[in-house]
Asks: 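Please find one structure pasted underneath; my questions will follow.
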Amino acid sequence: NTASSDQTDNDEIKVDVSQYPELLAKALEAHGGLDTWRNFGTLRYDKVSSEGNSENHIINLYNRKVLIDRDTTQIGFDGKEVWVSPNLESFGSGSARFYHNLYFYFFGIPFLLSDPGIMYEDLGTQTVNGTDYRALKVSYGEGVGDSDEDLYIAHFNPETYKLELLLYTVTYYSGEKTENYNALAYSDWQQVNGLEVPKKFVGYKYADGKLGDKRYEASFDNVKFEEKVPNPEIFKMAENSEIDSLKTK
């Protein structure tokens with residue numbers, strides 16, 4: 001659920017973080033600074049699943065176009081359509097449109113919480129599994145991203161302000177706002193180009209302040225930030241591809 005920008009240059013950016021809630025401003029600083037993040041045009045990483053399956057992601061950080069390379073499949077977002085090559089069947093179950101920026105969003109928080117069209121609510125101290133966090137609830141203005149009914153609650157360490165836990169809802173398939181959350185525990189971090197970004201996170205079921213069964217995990221290898229934006233040609237729809245629809249409902 002990411003907003004996009006048409007920025008193409010990466011002149012030295014100085015961001016006024018006073019426009020954000022104090023909690024988010026402290027978290028952005030703890031993770032390396034929003035001005036540092038916004039001076040990069042390209043993000044690349046290999047996302048590795050717990051089963052060992054690896055796929056390469058390339059993201060234009062200014063307009064949020066995406067290319068994902070798997071062994072036998074490519075998923076691309078050209079700014080309007082999500083396309084899958086050689087066909088939708090090759091993607092497997094689920095929606096490629098839903099998937100194309102899912103891991104990028106989880107990877108890019110807290111920086112992506114500075115996107116336009118976001119509304120914030122500081123929830124003070126919240127306790128999950130007996131641990132106290134400083135919690136920030138995030139919702140989206142109408143028409144922001146594909147899933148503007150999504151809700152997130154970012155849980156930060158009260159001393160370091162680093163992200164440790166993220167609660168999130170999934171509304172893409174239903175289109176209806178819900179307070180039924182899943183959880184992501186950020187268990188390992190890596191520093192790349194001065195930014196503190198995830199090395200690994202683990203997904204859990206969640207209810208009533210407690211983590212439930214483990215659902216999945218993902219790790220991020222070969223993370224690279226580059227000042228220049230990617231070659232725009234790589235995001236163009238492949239000739240042998242099919243488009244995934246904007247919404248399931």
Side-chain angles (χ1 to χ4, degrees), residues 1-3 15-35 37-38 98 101-189 195-218:
N1 193 336
T2 51
V15 183
D16 178 14
V17 295
S18 66
Q19 63 187 295
Y20 303 115
E22 182 183 9
L23 177 55
L24 178 56
K26 288 181 175 179
L28 292 168
E29 190 62 31
H31 283 267
L34 185 57
D35 50 351
W37 169 270
R38 289 191 177 174
F98 172 72
N101 62 0
L102 179 69
Y103 283 90
F104 165 60
Y105 204 75
F106 290 154
F107 180 92
I109 288 177
F111 300 108
L112 300 185
L113 299 184
S114 69
D115 279 353
I118 291 181
M119 294 166 285
Y120 308 98
E121 182 184 357
D122 191 327
L123 299 181
T125 299
Q126 299 278 297
T127 305
V128 179
N129 271 24
T131 299
D132 289 342
Y133 301 97
R134 287 284 284 106
L136 183 71
K137 187 173 184 178
V138 170
S139 57
Y140 294 84
E142 188 175 348
V144 177
D146 283 353
S147 304
D148 56 12
E149 299 293 328
D150 281 355
L151 298 171
Y152 294 86
I153 305 179
H155 290 64
F156 301 101
N157 182 298
E159 295 178 357
T160 66
Y161 293 97
K162 282 175 60 173
L163 179 67
E164 294 190 352
L165 185 72
L166 180 71
L167 304 185
Y168 66 95
T169 64
V170 175
T171 64
Y172 179 89
Y173 295 101
S174 69
E176 297 173 358
K177 187 166 283 191
T178 172
E179 293 274 357
N180 296 324
Y181 289 95
N182 297 302
L184 266 190
Y186 288 79
S187 56
D188 198 6
W189 293 90
L195 296 171
E196 198 85 3
V197 295
K199 175 66 177 171
K200 177 183 175 182
F201 52 58
V202 181
Y204 294 93
K205 294 180 179 179
Y206 173 84
D208 302 323
K210 296 189 183 305
L211 301 183
D213 294 340
K214 179 178 170 180
R215 298 176 62 237
Y216 63 90
E217 66 181 59

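What you see is a predicted model; the values in this text were computed from it and never measured.
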Asks: As a test of understanding, state which of L166, V197, L184 forms a side chain to side chain contact (heavy atoms under 4.5 Å, CB included) with I109.
Replies: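 Checked L166, V197, L184 against I109; only one passes side chain to side chain contact (heavy atoms under 4.5 Å, CB included): L166.
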
Asks: Just one of F201, F106, F107, Y133 clears the ring pair (Phe, Tyr, Trp, His ring centres under 6.0 Å) bar with Y186, so which one?
Replies: F201

Asks: Return the minimal non-hydrogen interatomic distance between L167 and A183, and the atom names on each side.
Replies: CD2-CB, 3.7 Å

Asks: Which atom names give the shortest non-hydrogen contact between Y206 and N182, and what distance separates them?
Replies: CB-C, 4.2 Å

Asks: Name all pairs fulfilling the salt bridge (Lys or Arg N to Asp or Glu O under 4.0 Å) condition that reach into residues 101-113, sequence neighbours left out, sorted by first residue then second.
Replies: none

Asks: For E159, does the CD atom sit with more than 12 other heavy atoms under 6.0 Å from it, leaving out its own atoms?
Replies: no

Asks: Counting only pairs under 3.5 Å, give me each side-chain donor-acceptor contact of residues 120-129, with atom names and distances, residues two or more places apart or in other chains.
Replies:
residue	atom	partner	partner atom	Å
Y120	OH	L113	O	2.5
D122	OD1	G124	N	2.8
D122	OD1	R134	NH1	2.9
D122	OD2	R134	NH2	3.1
Q126	NE2	L123	O	3.3
T127	OG1	D132	OD1	2.6
N129	OD1	L211	N	2.9

Asks: Among residues at least two apart in sequence or on other chains, which ones pass ring pair (Phe, Tyr, Trp, His ring centres under 6.0 Å) with F156?
Replies: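 With sequence neighbours excluded, F156 shows a ring pair (Phe, Tyr, Trp, His ring centres under 6.0 Å) to no residue whatsoever.
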
Asks: Please list every donor-acceptor pair under 3.5 Å in which a side-chain atom of residues 22-33 meets a protein atom from a residue at least two apart or in another chain.
Replies:
residue	atom	partner	partner atom	Å
E22	OE2	K26	NZ	3.3
K26	NZ	Y161	OH	3.4
H31	ND1	E196	O	3.1
H31	NE2	L163	N	3.0

Asks: Report the residues that fulfil ring pair (Phe, Tyr, Trp, His ring centres under 6.0 Å) with Y204, sequence neighbours left out, ordered by chain and then residue number.
Replies: none

Asks: So, taking the atom named CD in E164 and the one named OG1 in T131, what distance separates them when rounded to the nearest 0.5 Å?
Replies: 8.0 Å

Asks: How long is the span from the CG atom in L151 to the NZ atom in K137, to the nearest 0.5 Å?
Replies: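 Here the interatomic distance stands at 5.5 Å.
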
Asks: Can you check ring-ring contact (aromatic ring centres under 6.0 Å, His included) on Y168 and Y105, steps first, answer last?
Replies: CA-CA 11 Å; Y168 66 95; Y105 204 75; 9.9 Å; no

Asks: For K210, enumerate each residue passing the salt bridge (charged side-chain N to carboxylate O under 4.0 Å, His left out) test, keeping only those at least two apart in sequence or located in another chain.
Replies: none

Asks: Can you name the closest pair of heavy atoms from Y103 and A218 and give their distance?
Replies: CE2-CB, 3.8 Å

Asks: CZ of F111 to CG of L195: how many Å apart, nearest 0.5 Å?
Replies: 4.5 Å

